[in-house]
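Computed from heavy atoms alone, side chains included, the values below leave out hydrogens, waters and symmetry copies. Quick caveat: nothing in here was measured; it's all calculated off a predicted structure. Per chain, numbering begins at 1; letters A, B, ... match sequence-line order.
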Amino acid sequence: MGKFPKRAAMTLGTVAIASLLLAGCATSGTSAGGTTSAVSKADITKAMNTPATITFWTWVPKIQSEVNLFEKKYPKIKVNVVNLGQGATYYTKLESAISAGSGAPDVAQVEYTHLPSFELSKNLKDLAPYGAADVKSQFSASAWNLVASGNAIYGIPQDSGPLGLLYRTDILKADGVAAPQTWAEFATAADKVHAADPSQYLTDIPSSNGSAFLGLFQQAGANPFSYTGGKTVNINLNSATGKKVVDYWSTLIQKGDISTDPDFTDSWYQGLASGKYASWVAAAWGPVFLQGTAAKTSGNWRAAELPQWTAGDHASGIVGGSADSVLSSTKHPIASAVFTQFLNSDKQATLDFATQQFLFPTTAATLSNSEFSDQKSPFYGGQQVNKVFAGISSKITGQFGSLPFMDQVYDSFNTTLGKAMANGGTGMDAGLADWQAAVVKYAKAQGFTVTTN
Amino acid sequence: MTTTSALRRTPRSAKKYARPSTFFTIVGIVALVYFLAPLLWLVLASTKTNSGLFDSFGFALGGKFNLFQNLADVFTRQDGIFGRWLINTVVYAGISGIGACLLATAAGYAFAKYRFPGGRGLFSVVLGAIMIPTTALAIPTFLLFTQAGLTNTPLAVILPSMVNPFGVYLMKVYAEGAVDDSLMEAARIDGASEFRVFWQVSMRLLTPGMITVLLFSLVATWNNYFLPLIMLNNPDLFPLTVGLSQWQSAASAGGGGAQADFTPIITGALVSVIPLIVVFLFLQRYWQSGLATGGVKG
C-alpha cells in the first residue's frame, strides 16, 4: 500500500506526457487528412527500419502466426496483438479508448459495416497516401468496394462474407425436391418440404437479424444505403426491389412454409442440428461455423449459389467481413499502414488466414490458390465448398454501402419489419415502410441530410 | 467464543416450530428448483461436446462424456489465458474484500461509538449510497479514473470495490451491539490510545461482523462485470466475468473466422463458480449471522 502514491504519480506523469503527444498528433493529423500527397518510398523505408511497437486490436484467434510473418520481414517493428472480443462491447471499448485520448490501438479490426461510423468521427487514417492504392489490384473488387470511400481508403480488407445457400441434400431428396436454382423454385420447394413434414421448414429467415435480411436486398440488386463522408446519407429501403424481396418472403411466411426464428440462439442451433431447417442462407464464414454445432448431420450438407431472381444470373450479397484500419491517433502511421497491407496481401499470411482461421479470402491470389479452393470437406460430402464460395465472390458486381449508424439500422429492423415477420408475415409491406421511416428519422435527428434515391 | 454468542442470539430454539404450511413448502421447492436448475444444466452441459450441446436434451447427459477434454480446452485456449483470469479474479476479489472489510469496520465503528459534528448527516449519506447500484456509478468512476490515469490498471477495479456502504451500515449496527461502552472506558482508563482501543480491543469483538462484510465484498467483486469491462483494455488484466463474456461474444456473433465454440465458455463458467461455492459452504454461518444482524437491529 505504501507504494501506491508513487505509482499513481508515475502513471499520472505518463498520461500527461501521452496527452501532450496526442495533442501534437491530432493537429498534424487533421492537416495530413486534407492532403493527398503520397508518402515517399524513402520515408517508408526509413520508418520500417526505425524501431517501433504498434498495438493491434483484433478478434481473430491465433493471429500471432500471421503477425510473426510481418515481424520476420520487418524485424524493427514489433506488433502487440490484443484480443478484446468482438461485437458491440468491442466497438464501445474502441470508442471510449479513442475519446479518452489514451489506450487506443494503432491498428484495429473493424467490420465493413462499422467503417463509416469511424470515418464520420474522423478517427480513421486514409491509407491512400501510404501505398494502399498499389495493392488494390490484388483484391477482389467486391471486397475493395467496402473499404474505399471516394478516393480515400479506410482499411485493408481482411475477410469477406459472400452469401450462398447451405442445404440438407438428404431432406430435399427424401421430399423429392431438387436444389432450387431460382427463388420461384425455392418457393415451390418450401411448400413441399413443409407439407411432407410440418415440423420442417426449407429455411429460417431470422426476424432478429437485419444484417442478414439486407444481404437478401443486396442479392436482389438493391443498394439501400450510401455514405461518402460528410453529413449526407442516402437511405432507400423502400425501393421497388426492396418491396419485391419483402413481398416474396411475406407470402412464404404467411403460408407457414418458412420459419422466422431468431438466429444464433440455442433453439436455432438445435434447429440446424435436428433438421428443422433444411437450409441456411449463409455467408462464406458459415460452412465452418455450421460444422461445429451440427456434427451429427455431417455429410448431408451441400453448398450452392443462392437461388436467383432471374434464371441464369449469379447475383449475391455480402454479410459480415472486416478490414484492418489505422486509427488517426497512431504515432506510427507508416508502420501501421504497411502492417495492414502486408497482413492482408502477403501470399503466405492470406493463405494461412484462409486455411487456418477460416477467414474467407479477399485477394484474388488466395481465392484461386488450390490449397484453399480444392479443400474437400467431409461435412459437405466431400464437396469443394471453398470453390463454390470463391465462384460466388468473383461474380459479385453490386456495391454495398453502409450508414455511419448500422447498429441503429439493425435495432429498428427488429421493431418494424422484423416484428411483422415474427407475427406471421402479415403487414411486412408496412413494416418495410416503417423501417425506412425509422432510419430516416434517426439520421435526421443526428443532423444528417437525407436523400432517398 | 464471540462467534457462537453472535449465533446464539438468533431465536432459533426459543420458539416452537409452527405447523409446516403446504403453500410455503411448495413455494420453497419451486424456488429451490428455480435456483438449482441452471446450476444443474451448467454441470451437465460441461460434460458435452460442442455439437452434443445442440442435439441432446439440456437436463440429461448427452453423447460423449467430454468433461476432461473441455477442462483441458479451457485452460489451454489462447495460451492458457483462463488461468490468468482466474488469478486476477482471486487477487481483485481478495484485496477488495479485505480492504472493504477494514474500511467498513473503521467507519462503522466510528459511527457507532463516537459522537462528532455531522456524524448523523454523514451516516444518512452512507445509507443513501446503499440505494445507488454500483453499475450506475461505473461510468462516473471511469471518467474520474481516466483523469487520474489509473484506467487499465488493477487499481481501477480494486479501489472502487473497496467502498462498501452496506458494509459500513452493517458494521455500525454490529458495533453498537458487540462493543460495550464500559469496556472501551476500561481500556481508556488503562491508558490505551483510541486507535489501540479500536485495533486491539474492539476489533476482536467485531470479527464475526467483519467476516460477513468480507464475504459480501468478496462475492460482489468476484461477480462484478461492468466496472472491469469499461476500466480494462488489456486481456491479461481481465477478471473471469469479462474474459468469459469475450469468449462468448466470439462464439455467438458470427462473422469472419467465427466458430460456434461454446464448450470452453460453459466449462469455464462452471470452473469460475466453484471457488465461490466452496467459500460459501465453509463460511455460510457468517452469512446467516450477518444477515440476521442487519435484520434485527435495523
Side-chain angles (χ1 to χ4, degrees), chain A residues 4 7-8 11-16 18 57 59-62 82-90 92-93 96-97 100-104 111 158-161 263-266 269-270 272-274 283-286 288-297 319-322 353 357-360, chain B residues 45 49-58 63-64 77-79 81 95 99 102 139 142-143 145-156 158-159 225-226 229-236 238 242-263:
Chain A
F4 160 61
R7 225 170 121 184
T11 338
L12 271 172
T14 348
V15 166
W57 283 14
W59 59 83
V60 177
K62 296 179 186 151
V82 179
N83 183 346
L84 290 166
Q86 69 188 103
T89 51
Y90 170 80
T92 312
K93 273 196 166 302
S96 60
S102 71
E111 284 164 282
Q158 183 168 277
D159 67 292
S160 178
D263 54 359
F264 302 105
T265 62
D266 188 38
Y269 286 114
Q270 284 180 15
L272 286 172
S274 70
W285 44 263
V288 173
F289 193 78
L290 183 62
Q291 285 181 34
T293 57
K296 274 194 186 159
T297 56
V319 172
S322 50
F353 273 149
Q357 279 107 347
F358 312 111
L359 298 183
F360 188 76
Chain B
T49 61
N50 200 48
S51 54
L53 287 171
F54 303 112
D55 52 27
S56 66
F57 179 62
K64 208 174 128 212
R77 197 180 152 123
Q78 283 181 23
D79 304 322
I81 199 165
I95 297 179
L102 291 176
I139 295 284
F142 170 72
L143 294 173
F145 274 64
T146 310
Q147 293 289 315
L150 288 172
T151 49
N152 211 11
T153 65
L155 283 178
I158 293 171
L159 286 181
Y225 168 71
F226 194 61
L229 174 77
I230 60 167
M231 287 290 187
L232 305 174
N233 282 337
N234 181 350
D236 286 340
F238 282 175
V242 180
L244 282 174
S245 112
Q246 180 204 314
W247 280 1
Q248 201 269 337
S249 75
S252 56
Q259 292 179 46
D261 208 1
F262 288 102
T263 46

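At a 4.5 Å heavy-atom cutoff, the contact between B:Asn233 and chain A is made by backbone and side-chain atoms alike. At a 4.5 Å heavy-atom cutoff, B:Leu143 makes no contact with chain A through either its backbone or its side chain. Only the backbone of B:Leu232 comes within contact range of chain A, with heavy atoms under 4.5 Å apart. For A:Thr293, the parts lying near chain B are the backbone and the side chain together; criterion is any non-hydrogen pair under 4.5 Å.
Proximity of a side-chain donor or acceptor of B:Asp55 to a complementary backbone N or O of A:Ala273 within less than 3.5 Å is not detected. Side chain of B:Ser51 to backbone of A:Ala294: no donor-acceptor contact under 3.5 angstrom is found.
At a threshold of 4.5 Å between non-hydrogen side-chain atoms, the residues B:Pro235 and A:Leu84 count as touching. The closest side-chain heavy-atom distance from B:Phe54 to A:Leu272 is not below 4.5 Å.
Here the closest heavy-atom approach between residue A:Asn83 and residue B:Gln78 is recorded as ND2-NE2, 3.4 Å.
Interface remark: of the candidates B:Thr49, B:Leu229, B:Asn234, B:Leu229 forms the most heavy-atom pairs closer than 4.5 Å to chain A. In terms of heavy-atom pairs under 4.5 angstrom with chain B, the leader among A:Ala295, A:Ser96, A:Ala88 is A:Ala295.
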